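First comes the structure, then the notes that go with it.
In each ligand, atom 1 is the first atom listed, and ligand 1 is the first ligand listed. Side chains included, hydrogens not; waters and symmetry mates left out as well; all remaining heavy atoms used. This structure is a prediction, so every number in the text was calculated from the model and none was measured.
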Amino acid sequence: MIQLTEVATLSVQDGIGLITLNNPPVNALGYSVRKGIADGIDQAVKDDQIKAIIIICEGRTFCAGADIREFGQPPKDPGLGDVLVVLDACPKPTIAAIHGTAFGGGLETALSCHFRVGVSTAQFGLPEVKLGLLPGAGGTQRLPRVVGPEKALTMIAIGNPIPAPEALEVGLIDEMIEGDLKEGALAFAKKVLAENRDLKKVSENNEKVEAARGKTEIFDNFRKSIARKTRGFDAPESCVKTVEAAVNMPFAEGLQTERDLFMELMSGSQSAAQRYVFFAERQVAKIPDIPKDTPQLDIKKVGIIGAGTMGGGIAMNFMNAGYRVTLVETQQDFLDRGLGVIKKNYDITASKGKMSADDVDQRMSLLTGTLSLEDLADVDMVIEAVYENMDLKKEIFGKLDGICKSDAILATNTSYLDVNEIAAQTKRPESVIGLHFFSPANVMRLLEIVRGEKTSKTVLATSLTIAKKIKKVPAVVGVCFGFAGNRMFSSRKREVDALLLEGAPADQIDRVIFDFGFPMGPFVLSDLIGLDLGWSEETSSSSSVRDILCESGRRGLKNGSGFYKYEAGSRIPIPDPEVTKMIADFAAKQGYEKREVSDDEIVQRCIYALINEGAKILEEGIAVRPSDLDIIWINGYGWPVYLGGPMFYADLIGLDKVLVTIKEFEAKFGEDWKPAALIEKLVSEGKGFKDLN
Ligand SMILES: NC(=O)c1ccc[n+]([C@@H]2O[C@H](COP(=O)([O-])OP(=O)(O)OC[C@H]3O[C@@H](n4cnc5c(N)ncnc54)[C@H](O)[C@@H]3O)[C@@H](O)[C@H]2O)c1
């Protein structure tokens with residue numbers, strides 16, 4: 001056996017050379033792995049004893065991609081591209097023997113071999129697009145030659161992996177190995193030699209790409225199919241272009257196109273944002289004073305109070321993760337309605353083929369409904385999701401204190417209320433915490449974990465673990481009105497409402513916010529939710545635009561008229577001159593003078609308000625780090641991932657420039673725009689939010 005590098009060896013068995021890589025944890029393609037492969041091929045080619053070469057990995061997986069430890073470091077030769085040139089040119093049969101995940105550079109390496117075999121549990125993918133990139137080591141040119149352009153498009157431009165059986169079906173692997181991978185790969189190599197199989201290089205295997213030449217509909221249809229999901233993202237379109245190049249150009253030119261588009265993405269702000277978000281999401285659950293070994297509670301059974309919009313969705317999260325759930329309501333008909341909605345949601349999922357009828361039954365069997373709070377005596381954790389009313393919440397927590405086990409976690413899903421005040425109703429404020437889910441609670445990924453003044457470390461650590469178990473992205477925040485997310489949201493709402501009265505039409509504001517990258521603008525959203533949510537006829541006092549719209553019978557999409565009008569059965573908002581006049585009259589009464597508002601001003605007023613409020617939240621210690629606020633906005637409020645979140649965006653624009661504009665707004669619009677001291681400090685030190693992450 002020859003030691004090629006500290007992580008690679010070459011050995012010979014029955015005339016077959018085995019290049020074995022062992023670079024824990026995931027055999028990432030760092031320098032020693034790359035050099036190991038290149039040297040291994042070189043030596044195996046020279047060795048007359050060796051008739052065929054297998055590349056195989058130790059540990060839990062085949063090469064799972066680039067070595068992130070090398071990110072941001074100067075490149076060290078040989079680069080992966082160079083190694084793959086050596087592999088591609090190998091005159092002896094080469095076979096990649098794959099287990100675990102052959103992702104990114106790992107799959108590109110495998111694609112540079114003549115043959116690929118894999119175990120039945122192996123996964124194959126080119127997920128670079130998810131980081132705003134494309135596979136940059138020939139993957140975009142080789143994969144279409146192996147699996148055809150259609151399959152390659154989905155794998156490269158959407159980035160989801162495929163399992164081994166599918167890989168076999170589409171020709172990505174030549175054989176699926178049952179049993180020991182090494183033995184199977186050796187047997188396969190012997191078969192290749194015995195049958196004297198054709199050793200066509202993948203780079204010269206043009207049959208599938210040539211068959212697609214001139215069929216532009218393949219690309220047109222694919223572009224249409226991903227348009228909605230990828231709106232605003234650069235990388236998917238670049239990925240499509242590389243596959244087009246594979247179809248229409250010789251291999252070498254296609255490689256050059258891949259290289260050019262890769263460099264463009266790599267140096268652009270979108271990929272920087274997406275890579276930042278990737279790391280921010282891993283950082284967010286790390287809380288400085290909560291070490292990994294903080295003692296935790298064992299949570300098996302959960303109680304949820306209130307089977308309304310939020311309670312039902314929250315219950316589903318826990319049932320999906322296998323927890324037993326007791327759902328409490330005040331009246332049988334409310335309970336029946338809540339349980340019915342849960343069942344209906346599961347049935348819809350089942351009707352789409354995403355779960356079986358048995359799965360639905362199994363989930364529903366975990367759920368018990370009750371009208372008695374006393375039934376929460378044996379639960380390990382309670383989440384209260386009743387109306388947003390402090391007195392009601394206080395009353396409930398007072399009762400829970402007498403009912404629940406002494407170490408049960410008592411959580412509230414309040415959106416704005418003071419968690420400390422709620423906790424003070426109990427004799428165990430250390431057990432009380434805010435678990436702020438977002439609507440629809442079974443869909444939205446964000447969970448704001450609100451740490452009260454007295455919340456114990458054990459309760460917080462357990463809540464973080466629970467968040468992971470129910471597949472949420474947790475962000476720990478402190479107590480203040482609206483916590484982090486809604487407090488920032490309120491600052492944007494303040495500006496949106498003001499812009500409307502200053503003369504910006506609702507459809508202009510909506511268009512600008514949508515074009516910025518949010519899923520929809522604020523007024524379309526209001527119409528969708530219903531203008532009368534939280535509004536009451538008795539107390540309405542014509543003191544806001546919402547009041548006057550609701551008072552005139554406009555309730556939003558549901559009755560065909562809100563900020564917009566809607567044709568029967570249509571969800572398409574149509575600007576309504578009647579509403580424009582109502583708003584103009586109201587604004588005039590309030591003393592506003594109508595003016596033209598530019599699109600740029602709308603962006604700055606709405607987005608810089610978030611940034612300034614975010615900075616205040618940070619300086620008050622309500623959030624741990626700027627990137628946590630970005631994670632909150634991406635996962636809870638639809639901020640576009642390719643802009644990294646409001647705090648990342650501030651750095652992207654330049655915090656000094658943002659501050660200048662905030663000061664201009666302060667001069668024009670007053671106190672609301674007082675710059676956060678933190679922004680002034682960072683700018684004076686020549687720093688950005690990134691320096692606080
Ligand atoms: N709707 C949202 O978008 C959203 C998002 C995040 C957080 N929240 C918060 O979640 C909480 C619930 O909001 P929602 O939208 O689900 O309200 P909802 O009106 O849809 O549901 C509240 C439910 O609580 C029940 N209830 C009231 N008092 C009760 C009691 N004493 N015991 C048991 N059940 C009782 C009601 O019958 C009702 O079914 C509020 O604090 C709200 O601020 C709401």
Enclosure of Glu567 CD (heavy-atom neighbours >12, cutoff 6.0 Å):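 No.
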
Greater than 12 external heavy atoms within 6.0 Å of Lys454's NZ: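 Check fails, neighbour count at 12 or below.
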
Please report which non-hydrogen protein atom sits nearest to [atom], along with the residue it belongs to and the distance in Å to one decimal place.
atom                    : answer
atom 40 (C) of ligand 1 : Val386 O, 3.2 Å
atom 10 (O) of ligand 1 : Asn413 ND2, 2.8 Å
atom 31 (N) of ligand 1 : Ile396 CD1, 3.5 Å
atom 44 (C) of ligand 1 : Met310 CG, 3.3 Å
atom 39 (O) of ligand 1 : Glu329 OE2, 2.5 Å
atom 22 (C) of ligand 1 : Ala385 O, 3.7 Å

Hey, is [X] one of the residues with a heavy atom under 4.0 angstrom from ligand 1?
X      : result
Arg337 : yes
Glu384 : no
Tyr387 : yes

Could you list the atoms of ligand 1 found under 4.0 angstrom from a heavy atom of [X]?
X      : value
Thr414 : 41 (O)
Ser439 : 2 (C), 3 (O)
Gly308 : 16 (O), 20 (O), 21 (O), 23 (C), 39 (O)
Phe334 : 37 (O)
Ser415 : 6 (C), 7 (C), 8 (N), 9 (C), 42 (C), 43 (O), 44 (C)
His436 : 6 (C), 7 (C)
Val328 : 33 (C), 34 (N)
Ile305 : 32 (N), 33 (C)

Identity of the nearest option to atom 29 (C) of ligand 1, non-hydrogen atoms only, from Leu533, Thr309, Thr330, Leu335: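 That would be Thr330.
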
Near-ring test Phe689/Tyr649, centroid separation under 6.0 angstrom: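 Centroid separation for Tyr649 and Phe689: 6.0 Å or greater.
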
Near-ring test Phe438/Tyr637, centroid separation under 6.0 angstrom: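 Between Tyr637 and Phe438, the centre distance is under 6.0 Å.
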
Any donor-acceptor N/O pair, Asp380 side chain to Lys301 backbone, under 3.5 Å: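 Side chain of Asp380 to backbone of Lys301, a donor-acceptor pair under 3.5 Å: yes, one is there.
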
Donor-acceptor contact below 3.5 Å, side chain Thr462 vs main chain Leu297: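 Answer holds: yes.
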
Geometric cation-pi criterion, Arg494 with Trp673: 6.0 Å, 45°: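 Judged by the rule, Arg494 and Trp673 form a cation-pi pair.
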
Cation-pi, Phe518 ring and Arg492 (6.0 angstrom, 45 degrees):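 Yes, cation above the ring, under 6.0 Å and within 45°.
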
What part of [X], side chain, backbone, both or neither, has a heavy atom within less than 4.0 angstrom of ligand 1?
X      : answer
Leu392 : side chain
Phe437 : backbone
Lys393 : side chain
Leu373 : neither
Glu395 : neither

ring-ring contact (aromatic ring centres under 6.0 Å, His included) against Phe318, all qualifying residues, sequence neighbours excluded: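 If we apply the ring-ring contact (aromatic ring centres under 6.0 Å, His included) test to Phe318, skipping adjacent residues, the hits are Tyr323.
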
Set of residues satisfying salt bridge (Lys or Arg N to Asp or Glu O under 4.0 Å) with respect to Asp418, sequence neighbours excluded: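 Salt bridge (Lys or Arg N to Asp or Glu O under 4.0 Å) check on Asp418 returns nothing, list empty.
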
Contact between [X] and [Y] at the side-chain level, heavy atoms closer than 4.5 Å - yes or no?
X      : Y      : result
Leu371 : Thr330 : no
Gln425 : Asp401 : no
Gln508 : Ile602 : yes

Exercise check, heavy-atom protein proximity under 4.0 Å to atom 3 (O) of ligand 1: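 Given the 4.0 Å limit, the answer for atom 3 (O) of ligand 1 is yes, a protein heavy atom qualifies.
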
Donor + acceptor pair across side chains of Lys130, Asn160 (<3.5 Å):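 Yes, Asn160 and Lys130 have a side-chain donor paired with an acceptor closer than 3.5 Å.
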
